[in-house]
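Written out below as structure tokens is the structure these notes cover.
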Amino acid sequence: MDYDFKAIEKKWQKRWEEKKIFEVKESKKKKFYILEMFPYPSASGLHMGHAFNYVVGDRYARFKRMNGFNVLYPMGYDSLGLPAENAAIKAGIHPREYTEKSIENFIRQQKELGLSYDWSRIIKTSTPDYYKWDQWIFLKMYEKGLAYRKKAPVNWCPKCNTVLANEQVHNGKCWRHEDTKIETRYLEQWFFRITDYAEELNDKIGDLKNWTEDVKAMQKNWIGKSYGTEIYFEINGKKWPIFTTRPDTIFGVTFMVISAQHPELMDLVTKKQKKEVERFLKKIKSTSKKDMEELEKEGVFTGAYAINPVNKEKIPVWVGNFVIADYGSGMVMAVPAHDQRDFEFAEKYKLPVKIVIEPINYDIYERKGQIPRAYSGEGNLVNSGKFSGVNNEKAKKEITKYLSKRKLGKKAVQYKLRDWLVSRQRYWGTPIPMVYCDKCGIVPVPEKDLPVKLPEKVKFGKGNPLETVKDFVNVKCPNCGRKAKRETDTMDTFVNSSWYFLRYCDPKNKKKIFDKEKVKYWMPIDQYIGGKEHACMHLIYFRFYTKFLRDLGLLDFDEPALNLFNQGMLHGEDGYVMSKSRGNVVLPEEVSAKYGIDTARLFLVSMASPDKDIDWSDKGIQGSLRFIKKIIDYFSRVKIDKADVRTESKLNKVILEITEYLNNFKYNLAVIKLRELFEVLPEKTSKEVLGDFLKLLSPFCPHIAEELWEKLGCKNFLSLEKWPKADKKKIKKIFEKQEQAIDKLISDINHIFKLVSGKNKIYVYILPNEKELYDIGLLNKKFGKQINIFTVNDKSKYDPSNMSKKVKPGRPAIYLE
RNA sequence: GCGGGGGUGUCGGAGUGGUCAAACGAGCAGGACUUAAGAUCCUGUAGCUUAGUGCUUGCGCAGGUUCGAAUCCUGUCCCCCGCACCA
């Protein structure tokens with residue numbers, strides 16, 4: 001039989017939409033907020049990989065909805081950003097046109113997937129209605145001192161023609177251009193002081209109960225909290241705080257190294273050394289970030305000396321290419337004997353090495369034939385004044401205490417996390433609502449003047465197009481009314497996605513960023529779904545924003561999402577990530593036309609647990625198609641009758657199992673249970689049994705389930721029906737045992753048939769107390785051949801070979817003739 | 001270097017102390033139906049043995065704990081992912 005999947009899909013998608021059955025309002029019902037990371041709309045549209053992501057969420061939404069929750073399941077578009085601008089330039093159209101078209105296409109495709117979004121809440125970050133609130137938040141950040149402008153060495157992507165945040169530099173390359181090395185430039189830029197929240201961002205990772213270990217670990221790593229000691233070294237009469245995790249090695253300091261990017265570097269350099277230092281800096285600037293990492297440690301003497309606070313030793317200060325300017329104070333104390341990096345530097349420049357920790361088992365420096373290396377293990381201190389002889393772990397505490405007492409240092413915590421560089425020198429982003437006035441300096445645009453709209457008419461060429469739009473740039477200073485210039489940088493696209501989940505709760509609010517009460521009802525997100533590639537980008541930013549908005553008094557919770565599910569990646573048939581350039585992209589339209597979208601939806605979760613990467617397989621989907629066809633065929637012939645207890649037992653057991661599996665995203669196992677249940681459905685059964693089966697099917701194959709539900713004579717939408725509740729009393733163990741016993745028996749009989757040929761009559765002998773187990777009705781149904789069963793005590797039994805003697809508990813005897 | 005995850009049949013993958021290792025799917029082989037193909041259905045798919053219900057091998061490798069281990073512990077090898085000169 002052929003099936004018109006397309007017609008069924010269209011029919012139900014239309015009905016769902018017309019009746020607005022997935023639209024929700026705040027109510028007394030218990031809410032459940034399910035959210036997938038919203039997509040960046042591109043002209044190439046969705047492929048099956050995206051579909052996989054949404055299907056994972058949709059299944060969960062449908063399941064929760066049927067379980068009586070008021071489910072908020074919205075969709076929107078992260079539609080500002082560089083790719084749209086670049087693509088638009090390439091195609092010669094305006095980014096807005098490009099974006100609108102892409103979104104339209106996305107919506108159409110998503111609707112064809114049968115996703116149960118509340119489309120009335122759609123948001124697009126490229127609309128002034130949305131980005132107005134990005135600007136509003138920016139102003140609030142500025143007001144609280146969290147948004148600031150600073151000149152600093154920044155990451156510059158020559159392909160994007162803009163600066164990037166640290167989070168957007170991967171392996172020294174641009175996150176959008178894997179082949180493009182990031183350059184370091186020294187520019188004045190806007191930053192968000194995310195480091196103010198470093199401690200909370202780190203410490204509350206423990207609250208993120210249902211986040212995967214690796215995402216949590218990645219965030220911990222990225223935030224990089226480390227405990228140590230700040231020690232004050234004196235240079236030219238000025239106190240320089242130095243952060244170290246090894247205060248126990250303070251007596252081993254033989255030189256200092258200041259970062260080549262340190263803003264105060266030149267203050268230290270003596271006249272004599274100036275030329276040499278400048279030559280060195282020039283050399284560093286000409287190398288890209290990635291090359292620098294591969295470079296050997298290099299440096300030159302600055303001419304300055306520092307005083308070691310514990311022994312007043314005079315130590316030379318060098319400038320080096322391996323010291324990071326904005327970690328700690330941008331200068332390190334170097335202990336070559338006990339730090340490999342310092343050791344290499346000392347070797348190269350013939351700087352002294354002073355051992356201050358005696359290795360426990362041997363003196364590594366005296367071993368012959370061994371390549372000298374710094375010793376970073378444990379041991380007792382030597383050459384360390386009054387601390388000599390103390391175990392180094394103990395010495396860390398004692399020396400820190402000693403320094404604190406004398407105000408020469410203190411306990412300190414450092415983070416790797418840097419402030420978030422948010423300005424971008426590009427057009428298609430949220431304009432930064434700031435004005436530069438010669439008299440007043442930096443002046444924020446007043447709230448009432450928001451949004452600062454992106455001008456539509458711009459010329460794309462070299463540099464930031466906004467700079468060339470005179471109407472936009474030239475403004476009056478909001479403060480003094482004189483001529484002033486508008487900030488032409490726009491915000492990082494990640495700003496837009498840092499709070500969108502809040503806007504869904506109240507997407508059309510014109511007066512406020514959102515209504516507090518509405519957000520209170522819906523938030524936090526009960527289930528967030530998205531890829532783990534955002535671990536150190538979006539997933540940190542949205543936590544930061546949540547905390548900031550909480551501190552503004554707008555939210556009363558700390559974390560935006562306590563449950564995060566990372567779906568795996570869908571690969572092409574060749575095993576590689578689906579991408580246009582590889583040519584292994586599978587399109588939902590094509591799959592839908594060939595197999596029906598429900599088939600694809602089912603297949604995507606049949607292969608493996610959805611958190612794993614999977615490969616698309618045209619052959620594999622046939623298995624799902626077969627199953628769906630069987631279901632449709634079955635429903636076209638099944639007769640309504642009373643349900644038998646065996647079926648009911650299985651049904652209730654499966655309800656229990658599937659419910660559990662769906663709750664835990666074990667969709668693959670749920671599908672198996674669904675198949676198991678289907679296998680035992682008899683030719684005659686009750687409407688209730690059939691209805692329950694369709695309910696269990698509906699999160700996977702919503703269109704077909706609705707269609708069959710209607711054919712069954714039910715009037716309401718299956719999508720809004722109540723999820724079946726298992727009646728444990730109806731689950732009878734005996735049926736399962738029967739199944740097992742009979743399967744075994746049949747397998748044994750078949751085995752013998754294979755060994756001996758020419759037999760066609762079957763006699764089976766069983767123990768009287770196992771009569772129940774070998775239910776003759778079930779046996780005949782399963783086997784399809786005539787079987788004669790005798791109990792061993794049956795006097796009239798036919799048993800020419802006296803087989804009944806061999807019967808043991810659980811092992812019937814078999815005789816073939 | 002630091003951190004996270006993982007090694008199970010021909011393949012994708014279930015199973016995390018026992019009562020069944022390999023559910024379910026895919027592939028392959030044989031059979032039924034059919035003029036044929038497809039679809040569908042049945043059977044098989046580590047080895048040996050056998051009128052079945054038996055034995056052996058087996059969950060990266062090597063040990064250990066246990067009455068009992070794919071599952072727990074120790075060591076070891078390999079793979080994937082993230083970060084990386086963070087002092």
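Within every chain, numbering begins at 1; the chains are lettered A, B, ... in the order of the sequence lines, protein sequences first and strands thereafter. Everything quoted here is computed from the prediction, not taken from an experiment. In what follows, every heavy atom counts, from backbone to side chain, and hydrogens, waters and symmetry copies are set aside.
A/Y576 OH: 12 or fewer foreign heavy atoms inside a 6.0 Å radius.
Using a 4.0 Å heavy-atom cutoff across all strands shown, A/T212 reaches no nucleic acid atom at all. A/V323 comes within contact range of at least one nucleobase, with a heavy-atom separation under 4.0 Å.
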Please enumerate all protein N or O atoms sitting under 3.5 Å from an N or O of nucleotides 17-28 of chain B, with distances to 0.1 Å.
from, atom 1, to, atom 2, distance (Å)
B/A26, OP1, A/R626, NH1, 2.4

Using a cutoff of under 3.5 Å, can you pull out all pairs of nitrogen or oxygen atoms linking the protein to nucleotides 4-11 of chain B, with atom names and distances?
from, atom 1, to, atom 2, distance (Å)
B/G4, O2', A/D214, N, 3.4

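Of the residues listed (A/D611, A/D214, A/N566), the one engaging A/K532 in a side-chain hydrogen bond (donor to acceptor under 3.5 Å, both in side chains) is A/D214, and it is the only one.
Between A/K396 and A/E393, at least one side-chain N (NZ, or NE/NH1/NH2) sits under 4.0 Å from a carboxylate O, which counts as a salt bridge.
Partners of A/K354 according to the side-chain contact (heavy atoms from CB on, under 4.5 Å) rule, which considers only residues two or more places apart in sequence or in another chain, are A/F251, A/T254, A/N311, A/E313, A/V356, A/N383. Remark: A/P682 pairs with A/Y634, A/D644, A/T647, A/T685 by the side-chain contact (heavy atoms from CB on, under 4.5 Å) rule, at least two apart or across chains. Residues satisfying the side chain to side chain donor-acceptor pair (under 3.5 Å) criterion with A/R246, sequence neighbours excluded, are A/D248. With sequence neighbours excluded, no residue forms a side chain to side chain donor-acceptor pair (under 3.5 Å) with A/T244.
Spacing of C1' atoms, B/G9 relative to B/A23, comes out at 13 Å, to the nearest Å. Rounded to whole Å, the separation between the P atoms of B/A22 and B/G15 comes to 14 Å. As rounded to the nearest Å, B/U43 and B/C33 have C1' atoms that lie 15 Å from one another. For the P atoms, the distance from B/G38 to B/G30 is 13 Å, rounded to whole Å. Nucleotides B/U65 and B/G6 are separated by 24 Å at their C1' atoms, to the nearest Å.
Rounded to the nearest 0.5 angstrom, A/F322 CZ and A/E298 CD are separated by 11.0 Å.
Taking atom NZ of residue A/K297 and atom P of nucleotide B/C85, one finds them 9 Å apart after rounding to whole Å.
Residue A/D748 has its side chain nearest to B/U53 when only B/A87, B/G13, B/U53 are considered.
Of the side-chain N and O atoms in A/Y327, one or more sit less than 4.0 angstrom from OP1 or OP2 of B/A87. The phosphate of B/A87 (OP1 or OP2) has a side-chain N or O of A/S226 nearer than 4.0 angstrom.
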